[in-house]
Structure formats: structure tokens, C-alpha cells
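Before any comments, here is the structure.
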Amino acid sequence: MSTYIIKGARVLGGEPADVLVRDGVIAEVGTGLDGSGAQVVDAAGLVALPGLVDLHTHLREPGREDAETVESGTKAAAMGGYTAVHAMANTDPVADTAGVVEQVWRLGREAGYCDVQPVGAVTRGIAGEKLAELGAMADSAARVRVFSDDGHCVSDAVIMRRALEYVKAFDGVVAQHAQEPRLTEGAQMNEGEMSAALGLRGWPAVAEEAIIARDVLLAQHVGSRLHVCHVSTAGSVEIIRWAKSKGCPVTAEVTPHHLLLNDAKAGTYDPIFKVNPPLRTADDVTALRHALADGTIDCVATDHAPHPVEAKETEWAVAAMGMIGLETALPVVQEAMVETGLLDWAGVADRMSYRPAKIGRLSGQGRPLEAGSPANITLYDPSPRRAVDPSAMTSKSRNTPFAGLELPGRVVATFLRGEPTVLEGKLQ
């Protein structure tokens, strides 16, 4: 394996230091290190972070390779500074058996741009009626530990309880898409003043909050781990804060787009802003930012949801829900959290690497940048500002809500176990 010396990087935004990488691990961190024989990476002015980990990525393969493949999605992940992603189960066929999760896992290994950890479905066909092969997926080569019907809520309380009980046997976690289906039939955007003005059927905050309230009580009763996907409302934050104060084993994530955008964007009638859960109010955005800062929300997860052009360039009512986010996540977090003083770079590392790796039980990811750790490293330049150009993105899809928006920073390099997947801003 190659040997690299990263010169002058600001580790977690601190003072400049050198990082010596040898045989896939960090050999030494310090100043004036001897890098004889090593390839030199000039990192002056760059922030060094542990490789980012995404708990919520839609790679679409198998079944929707027109939108994304494991290879294209992991290339986009590497360009965004990620060294591991969790691939959601709503593929075609659904990842509800050992065979499908192993297929996704092997495709990730073959691509080699980042680790791909499949997420298994909670129920067969994500239909919400019968539990999927949870144990078989956990015992498979993919070693699945996170289970989710994302895109659909496990709305049946009995099924949800059984899932929570089942995953305890192998320290798994159920990641819930919190959406009461009866309260969101035909819903198009956040329910409020904007939906009334636009004449679009509203998606009430209580549809999310009611499921979270039920599930934290179930998790506490069962003594099993619950993870709440893409939290979007201030009320949800308060429920999660209360649950944690009672010792409930719950964790939660927020997406970059819910940290930066609000429901006023729907006023354009541009379906690029149609997403599940919907963009909420400015007050919700503020609550989400503060909850991420104080740790009530544990981590940032992209909910990267690629769609082909025809699924988005249509009228709002029939357009697909979802946004891509792997390549813009770190700049958005810098804009929403670092530039506002709510997080420093050590906090970014915690919310985008350490905690998601711990929640997903990825032992080789989310490790501190210190001697002996796997050399999963992101080098990030926080200084430039530039407009987001969808045509320059690596993902197969272009449905970014940030097109034309000026955001800070860019990923300069990504190392996966000591080998660069990105150098000088280019895929290797």
C-alpha cells in the first residue's frame, strides 16, 4: 500500500499538523514529521476531518439504475468527503432478504469508492404487514444492523414493537420514517400559511410527531434502539429531547436541506423543492439547527434521493419526492452550522462521522484522526464560495435544490483506508 504524508492540515480546524499515513492506517500526527519516501499532499489551509459517514443514502440499485447506481452514488459520496454510506432498502427488488443486501454490499466492494453498508427492510416488500428476514440479513455477509422501510412508515404499532424486539438479539436498530399515513394522504407540502396560499394539500407536523411519540415509548418499553429518520419539525425535536431525558435509547438525524431551506421555496411551484418529509417553516429550521448543535439531534444524514429528469421536470402534484445531497452536504452544514457559530469543525466531525458510525455500528469508520486509526480522511477547503452547478456533479441525477445557490467550501481530497478516492478535487 502507498505511504502519504499530509502536510500542514488543520486537524478538526486546529493548528496545522502533518498526518503520516502508512499501510492504510494513520501512523503519526504531529509537526515536522519525517515523510521520507512518502507521497506528499500539501494541505496548507485545509481542514482535516475523519471520513464522513452517511446513515441515509438511496443508491437505487438494483432496479432504478437510470437514477443512480452503487458505483455512481459512491463516486458522488467520495466527492462529498464520505468514506461510508448506508444504502436504503427501497430498491427493486426491495432489500428484504440476505440475497439482496449481499448483492448491494458486493457492488459497493467492487466499486471501491467508499464502504457501502446495506440497510435492510423492516417488513417484506416495505409493505408494513409482515417482518422481513431480519435475522438472515444480520447474519449475512453484509452484517446488516440498521433496518428501515424508509419511504414508508412502519405504521402498525404491533409490527413496530416486534421489529424492535427482534433486533435486540444482534444489537440492531430500527430507523423509522415517521409519517402517519392517514394524516398525509394526498399531502404535497408543509401544512401552514404557505400551503393555504398556494392551494396545495398540507402535510401536518403532527403526522411526524405522533409516530415519533409512539415509537419512543415503544423503544423504552422494549429496551431496544430506535433511530428517527430526517426529523423536520420543532415539535419532533421536543419529543426527542424529552425521550432522551428519560433515558430512552433513541437517536435522530436531520438532512442538510432541512437545515437550510424552508417551505417558502414551494412558492416557486418548482418540484425540485418537493421532498419527504416536506420543507417546513423558518421556525422549524431554527429549532433543527439548535437541536443539532446541542446534541438532541445526533447527526446529519443526506437522504440522497436521486431521480431522473422526467420525474422532477413535471407538474408538482405528480413529481417525485426527493433531493440529491451527497456532494453538497458538507458545504451546507458549513453554511448553516459553522458560519452561524453553532458548531465548530470538531462538532462537524462528531455529527457527520463519529456519531453516524456509532449508530450504524461501523467499527472501522468514524474514528479520531490519531495514530492507529484507519486512514479514512477528508481534506476540506472552507474558504472558497461558489454557485452550485448541477451539471458538474458526479451523481447520475441532477435534482439538487441548491442549483445556483452560492455555498462555501469544497472537498479537496478523500482517503479510504489510506488510498485516495479523491485528490485535488478529482476522482481517482
Side-chain angles (χ1 to χ4, degrees), residues 24-25 50-62 69-71 73-74 77-78 82-91 93-126 131-150 154 162-176 219 222-227 229 249 251 253 298-299 301-302 304 353-367 373-376 416-417 421:
V25 301
L52 307 185
V53 177
D54 192 15
L55 271 174
H56 195 146
T57 307
H58 297 274
L59 296 179
R60 301 303 190 208
E61 190 175 10
T69 64
V70 171
E71 182 176 9
T74 54
Y82 287 89
T83 54
V85 298
H86 288 73
M88 280 295 174
N90 57 341
T91 49
V94 171
D96 57 1
T97 65
V100 179
V101 296
E102 286 185 350
Q103 176 189 358
V104 173
W105 177 72
R106 289 194 172 95
L107 286 168
R109 287 171 64 89
E110 291 167 5
Y113 289 95
C114 72
D115 289 344
V116 175
Q117 181 58 46
V119 173
V122 176
T123 66
R124 297 181 194 175
I126 57 175
L131 287 182
E133 299 177 5
L134 308 183
M137 289 187 281
D139 291 339
S140 72
R143 305 292 295 169
V144 175
R145 288 297 179 270
V146 181
F147 299 86
S148 181
D149 278 2
D150 185 61
V154 182
R162 288 174 179 166
L164 288 165
E165 289 172 336
Y166 201 116
V167 301
K168 283 181 66 178
F170 41 80
D171 193 30
V173 59
V174 178
Q176 175 69 293
V222 172
S224 186
R225 293 198 297 140
L226 169 72
H227 180 72
C229 296
T251 55
E253 69 190 34
D298 298 83
C299 62
T302 69
H304 176 81
S353 182
Y354 303 150
R355 290 206 202 189
K358 182 179 180 180
I359 293 166
R361 295 302 192 254
L362 298 184
S363 59
Q365 296 282 349
R367 300 279 293 278
S373 290
N376 299 319
L416 177 63
R417 285 183 290 278
T421 56

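This chain uses plain numbering: 1 for the first residue, then up along the sequence. All values reported here derive from a predicted model rather than from experimental measurement.
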Kindly indicate, with the supporting measurements, whether the criterion salt bridge (charged side-chain N to carboxylate O under 4.0 Å, His left out) is fulfilled by R106 and E110. CA-CA 6 Å; R106 289 194 172 95; E110 291 167 5; over 6 Å; no
Quick one, R361 with D171, criterion side chain to side chain contact (heavy atoms under 4.5 Å, CB included). Give me CA distance, side-chain angles, the key distance, then yes/no. CA-CA 9 Å; R361 295 302 192 254; D171 193 30; 2.6 Å; yes
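- With values rounded to the nearest 0.5 angstrom, L55 atom CG is found 7.5 Å from M88 atom CE.
- Counting heavy atoms from C-beta outward, S224 and V167 have side chains that approach closer than 4.5 Å.
- Between the side chain of D298 and the backbone N or O of R355, no donor-acceptor pair lies under 3.5 Å.
- In this structure, V116 and L107 have side chains that are not in contact, with every pair of non-hydrogen atoms separated by 4.5 Å or more.
- In terms of heavy-atom proximity, A77 sits nearest to V85 at CB-CG1, 3.8 Å.
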Apply side chain to side chain contact (heavy atoms under 4.5 Å, CB included) to the pair Q176 and L226, showing each step before the final yes or no. CA-CA 7 Å; Q176 175 69 293; L226 169 72; 4.1 Å; yes
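- Atom-to-atom distance recorded for D96:CG and N90:CG is 11.5 Å, nearest 0.5 angstrom.
- For the pair T57 (side chain) and L59 (backbone), a donor-acceptor distance under 3.5 Å is absent.
- Judged by distance alone, the side chains of D150 and H58 do bring a donor and an acceptor atom under 3.5 Å apart.
- Remark: A84 engages V53, D115, L362, Q365 in a side-chain contact (heavy atoms from CB on, under 4.5 Å) (not counting sequence neighbours).
- Taking NZ from K168 and CZ from R225, the interatomic distance works out to 12.5 Å, rounded to the nearest 0.5 Å.
- Across G135 and Y166, no two heavy atoms sit closer than the pair N-CE2, 3.6 Å.
- Between V146 and G360, the closest heavy-atom pair is CG2-CA, 3.9 Å.
- With a 6.0 Å radius and a threshold of 12 heavy atoms from other residues, nucleotides or ligands, R162 has its CZ atom at or below the threshold.
- Counting heavy atoms from C-beta on, the side chains of L416 and P374 never come closer than 4.5 Å.
- Rounded to the nearest 0.5 angstrom, S148 OG and H56 NE2 are separated by 6.5 Å.
- Note that SG of C114 is 9.5 Å distant from CZ of R417, once rounded to the nearest 0.5 Å.
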Would V174 and V122 count as a side chain to side chain contact (heavy atoms under 4.5 Å, CB included) if you check the C-alpha gap in whole Å, the side-chain angles of each, and the deciding distance to 0.1 Å? CA-CA 8 Å; V174 178; V122 176; 4.0 Å; yes
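- Between F147 and M137, the shortest heavy-atom contact is CE2-CE, 3.9 Å.
- Across all their heavy atoms, V144 and G120 have their closest contact at CG1-N, 3.5 Å.
- Remark: L131 CG to E165 CD distance equals 10.0 Å, nearest 0.5 Å.
- Of all heavy-atom pairs spanning H227 and C299, the tightest one is CE1-SG, 4.3 Å.
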Evaluation steps, side chain to side chain contact (heavy atoms under 4.5 Å, CB included), between T302 and Y82: CA-CA 11 Å; T302 69; Y82 287 89; 3.3 Å; yes
